[in-house]
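In what follows, a single structure is set out as structure tokens and then discussed.
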2 protein chains.
Amino acid sequence: MNVMNDSPRRKELTRLAAQLFVQEGFDRTTVRMLAQEMGIKSGSLFHHFRDKQEILAAVIEEGTQNALVIARKALSRCDNEAGTRLHAMARAHLETLLTDRNAHVVALYEWRRLSPEARDHLSHLRDAYEALWEQVIDEALAAGLIRGDRFLVSRFVMGALNWTVRWYDPDGPRTPDDLADELVAMITRAPA
Amino acid sequence: MNVMNDSPRRKELTRLAAQLFVQEGFDRTTVRMLAQEMGIKSGSLFHHFRDKQEILAAVIEEGTQNALVIARKALSRCDNEAGTRLHAMARAHLETLLTDRNAHVVALYEWRRLSPEARDHLSHLRDAYEALWEQVIDEALAAGLIRGDRFLVSRFVMGALNWTVRWYDPDGPRTPDDLADELVAMITRAPA
DNA sequence: GGGTCAACCAAGCAAGCGCTAGTGTAAACG
DNA sequence: CGTTTACACTAGCGCTTGCTTGGTTGACCC
């Protein structure tokens, strides 16, 4: 047991772990399964991670950090029109959720399995992401595009979007863009 | 090992199990923890349930059946106006979700842990519940109250509602009714 | 060309897991 | 009365779990 930095090897292992965590769930994924998927023996795992919980934390950190970057990029790329920004945010959210899917499903489902310290650290990242949403919602409210309570609306919207991982079929006829269109149309007052 | 009927004792044990499953998650809840919470020894548990999975199935069945009954009652109690019915449905959903909370959280989080047979059986119950939603959404679409695709809208709405178990604080200032009001207002075109 | 170091392995420990077998007991039943 | 039934207990089997220990390998470094 030695490192907790982010070597390239560790990044790769984290990616593989995310996949297994999605397939089996955190608790049902044994260190032996993880090791086999990674092509090493179970003992060697603890050279890269202090314990099993740290693997989970690494997966979730990766995913959340990615989501933040993508959302910020999407917002910076569009003008200041509230509708456009709302749209961009929804699209960015769905894109991360459905392409970099594994890490996000883990973040959504296995959050409670984190150790208190890890949860504390990661909740700051998550809050930063949610703040982006609240800001965009605020703008849409100010522009009269939607109505209601800023806190509730942003929670409802994020709920609707996060729930997609339960039913969305990437091989079906609908693209993530379609979903974003539909959602924005549903909550805005002006016709699309 | 003998019975799989629904004795009153079994109902009570199921309720207690739901609470533990929420607190710890299904996998982390051991039969010894369950037994202790129930005031018996771990071996005695298997007099009431064939195995641990059956306890989970019982919890989820209870919750889903309850939700169905409550939603049907709520719908039958209101007139045929689409807005009223949409409202009633949202309120019923939130009420079951936030009062009979335990069973529903388990159903949402631990669905994947069910054995294939149990999942098959319970998915029929769940489908019946979702059909209620799609029907109400259909009526609202026909009345011009909301717009969009019936499938997507109902999924978005259920996502927004189910997500509430993540952030809603029953001791906070907002009542379940407040949430239902806000959600309906968010997605309908006409002013509240 | 000896030293360093990240990466890996073999072996296994202690604890905990779901579940079973066999028994006890008190109320309900004919 | 004797039998049945529902519920609980004790004791533990067989297996898996996360993690540790001590040692080996091969690439790189001055």
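So you know, we letter chains A, B, ... as the sequences are listed, proteins then strands, and number each from 1.
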A:G39 or A:R32: which one's nearest nucleotide on DNA chain C is closer to the 5' end? A:G39

Can a side chain N or O of B:S44 be found less than 4.0 Å away from OP1 or OP2 on D:dC9? yes

Hey, does the Lys NZ or Arg CZ of A:R155 hover above the aromatic six-ring of A:W133, less than 6.0 Å from the centre and inside 45° of the axis? no

Rounding to an integer number of Å, can you tell me how far B:L13 CG sits from D:dA8 C1'? 12 Å

Nearest to side-chain heavy atoms of B:V31, which nucleotide of C:dA7, C:dC19, D:dA8: C:dC19

Take atom CD of A:Q36 and atom P of C:dA10, then tell me their distance rounded to the nearest Å. 13 Å

NZ or CZ of B:K52 within 45° of B:F46 ring axis and under 6.0 Å: no

Rounded interatomic separation in angstrom, taking NZ from A:K41 and C1' from D:dT21: 18 Å

Let me know the distance between CD of A:Q53 and C1' of D:dT17, rounded to the nearest Å. 14 Å

Checking C:dC19, D:dC7, D:dC19 against the side chain of B:S42 (C-beta onward), the nearest is C:dC19

What is the distance from NE2 of B:H47 to C1' of D:dT5, rounded to the nearest Å? 9 Å

Could you state the CG-C1' distance from A:L34 to D:dT16, rounded to the nearest angstrom? 15 Å

Can a cation-pi geometry be assigned to A:R166 and B:W111, taking NZ or CZ under 6.0 Å from the six-membered ring centre and within 45° of the ring axis? no

Is B:R10 close enough to D:dC7 that one of its side-chain N or O atoms is under 4.0 Å from OP1 or OP2 there? no

B:H48 NE2 - D:dT5 P separation (whole Å): 17 Å

Between B:M38 (CE) and D:dC9 (C1'), how many Å, whole number? 17 Å

Are A:H124 and A:Y129 an aromatic pair by the rule of ring centers under 6.0 Å? no

